[in-house]
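Note sheet for the following structure.
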Number of protein chains: 2
Amino acid sequence: MAALGSATVSAGKGERTAARIREVALDQFSRLGFERVTMSGIAEAAGLSQATLHYHFQDKDQLWRSAMLGLGAVIAEEERMLDAAQDASPLAQLRIAMRFFLRISWKHPALGRVVALEGMAGGERLAWLDEHVLGHRNRRLAALARAAIEAGVLKPFPPEMIVITLQAGAAGVINLAPLMRGTFGFDPDTAEGRAAHESLVLDALLSGFVKN
Amino acid sequence: MAALGSATVSAGKGERTAARIREVALDQFSRLGFERVTMSGIAEAAGLSQATLHYHFQDKDQLWRSAMLGLGAVIAEEERMLDAAQDASPLAQLRIAMRFFLRISWKHPALGRVVALEGMAGGERLAWLDEHVLGHRNRRLAALARAAIEAGVLKPFPPEMIVITLQAGAAGVINLAPLMRGTFGFDPDTAEGRAAHESLVLDALLSGFVKN
DNA sequence: ATCTTTTTTGATTATAAAATCAACAAAACT
DNA sequence: AGTTTTGTTGATTTTATAATCAAAAAAGAT
């Protein structure tokens with residue numbers, strides 16, 4: 001049986017390979033969606049036999065959940081950031097959240113991809129993600145948007161729509177990098193590209209919602 | 001053999017069922033992605049046997065292509081709109097394009113979903129979509145954005161990023177309706193929701209990119 | 001060094017879905 | 001009405017992949 005939850009410094013061999021599997025799995029699941037991904041595909045990319053995956057994870061579903069919890073850790077980090085900024089104005093907090101979202105989205109592009117993929121499909125996996133990874137944070141951002149509207153600093157659109165539009169807009173360039181490369185011959189994932197993108201998101205996308 | 005391309009008024013029985021199959025297929029493919037969809041699932045939703053699908057379409061790939069060409073027709077319509085507005089300023093044309101994009105996205109939500117799904121995954125299907133459905137139009141919009149920047153009316157970000165951000169932002173609320181319902185208990189797909197969304201896209205999202 | 005436990009694997013089984021096909025039914029044509 | 005063409009189907013085959021398992025290899029304990 002695999003040792004679960006031993007988050008100690010010297011992770012045994014088992015935990016190290018499990019982590020590698022999770023990493024590969026997250027990448028593939030987020031790009032392709034659950035059913036496009038095969039256990040043997042993950043195994044190959046991780047340099048393991050497919051049977052090994054079933055030693056560490058009971059089945060494909062469990063592996064998916066386990067991989068998604070990696071994103072949960074990233075989100076939790078963002079939430080701690082927001083906790084630390086609770087004294088700032090709602091708009092300032094939103095700005096901080098967006099900047100952080102960009103940072104983690106470039107570092108963990110799986111985040112936005114998973115949201116897009118499962119958020120469109122609906123179903124059980126989305127419900128699970130909502131409960132274990134995304135829901136709390138999204139509702140928190142919506143509350144910030146609502147507060148900013150009530151304070152008269154954001155244009156009065158439904159806060160849920162604002163939050164989704166901001167995130168979908170910001171993640172678009174990251175998620176759709178393959179499309180951009182193909183259609184425009186333009187690769188946004190470079191140092192300059194990321195810098196331009198950050199400025200675009202903060203100084204055009206977000207600022208469009210701010211009242212003059 | 002099925003009669004192909006007989007786009008006459010009185011479509012024979014064959015063409016009518018083929019059209020129904022394409023319709024169901026487009027909906028499912030766009031929500032779930034290629035591999036999540038099964039031939040028998042489409043057959044069931046269309047009230048047909050799965051063998052009938054193979055009578056009308058050689059294989060699953062062909063059915064996918066055929067369904068996607070339905071989106072091609074929608075895009076072509078948009079392009080004719082733009083042709084008719086060629087005398088307007090680049091920014092006015094972008095505005096027209098966005099308004100039209102909203103209209104067709106609510107009417108054919110498959111469009112944005114397919115872009116998101118395949119645009120993230122990359123690969124052969126994306127290349128096919130780029131060539132047969134999306135590429136020309138996206139490059140045209142990017143050219144408009146570039147012209148608007150050169151005319152000094154849009155903020156100077158990479159036009160490819162602007163175009164993708166506008167579309168991803170506008171499509172977000174539509175694509176992610178299932179997520180919004182689950183997370184916020186908020187359904188954007190109502191008469192008021194759509195109206196608020198149109199205003200949000202034109203008066204906040206797009207206007208954020210316009211120079212003051 | 002030997003023994004025990006953990007980890008990995010090749011081979012196999014089970015299962016779900018795509019594709020094929022021969023037979024049947026409906027429409028169109030004369 | 002009879003004939004041909006088009007459209008539809010149930011049953012079958014093929015194929016891809018998830019899941020299992022017994023045996024081997026590696027790691028760790030004594």
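By convention in this document, chain letters (A, B, ...) are assigned in the order of the sequence lines, proteins followed by strands, and residues within each chain are numbered from 1.
Between the CD atom of B/Q58 and the C1' atom of C/dA18 there is a distance of 13 Å, rounded to whole Å. Rounding to whole angstrom units, CD of residue B/Q62 and P of C/dA18 are separated by 15 Å. We find that CZ of A/R16 is positioned 11 Å from C1' of D/dA27, with the value rounded to whole Å. The nearest whole Å value for the distance from the CD atom in A/E15 to the P atom in C/dT6 is 15 Å. Spacing between atom CD of A/E35 and atom P of D/dA16 amounts to 18 Å, rounded to whole angstrom units. In this entry the distance linking CZ of B/F57 with P of C/dT20 reads 16 Å, nearest Å. For the pair B/Q50 CD and D/dT12 C1', the computed distance is 11 Å after rounding to whole Å. One interatomic measurement links the two molecules: CG of B/L53 to C1' of C/dA17, which rounds to 13 Å at whole-angstrom precision.
Contact check on A/E118 versus B/R36 returns a salt bridge, with a Lys/Arg side-chain nitrogen under 4.0 Å from an Asp/Glu carboxylate oxygen. Using a 4.0 Å cut-off between charged side-chain N and carboxylate O, B/R125 and B/E35 make a salt bridge. In this structure, B/R103 does not pair ionically with B/E78, as no charged nitrogen and carboxylate oxygen lie closer than 4.0 Å. Between B/D27 and B/R113, at least one side-chain nitrogen of the basic residue sits less than 4.0 Å from a carboxylate oxygen of the acidic one, meeting the salt-bridge criterion.
Regarding contacts with the backbone of C/dT8, a side-chain N or O of A/T17 is found under 4.0 angstrom from either OP1 or OP2. Side-chain nitrogen and oxygen atoms of B/H56 include at least one within less than 4.0 Å of the OP1 or OP2 phosphate oxygen of D/dT8. An OP1 or OP2 oxygen of D/dT9 is reached within less than 4.0 angstrom by a side-chain nitrogen or oxygen of B/T52.
Contacts of A/S49 with the nucleic acid, taken as non-hydrogen atoms under 4.0 Å apart, include base atoms. Note on A/T38: only backbone sugar-phosphate atoms sit closer than 4.0 angstrom, heavy atoms only; bases stay farther off.
Among the nucleotides C/dT20, D/dA19, D/dT9, the one closest to the side chain of B/H54 is C/dT20. Considering only side-chain atoms of A/A51, the nucleotide from C/dT9, C/dA19, D/dT6 that sits closest is C/dT9. When the nucleotides D/dA19, C/dA18, D/dT8 are ranked by their closest atom to the side chain of B/K60, C/dA18 comes out on top. Side-chain proximity of B/Y55 to C/dA18, D/dT6, D/dA19: nearest is D/dT6.
Checked by atom type and distance alone, the side chain of A/K155 never pairs as donor or acceptor with a backbone atom of B/L200 at under 3.5 Å.
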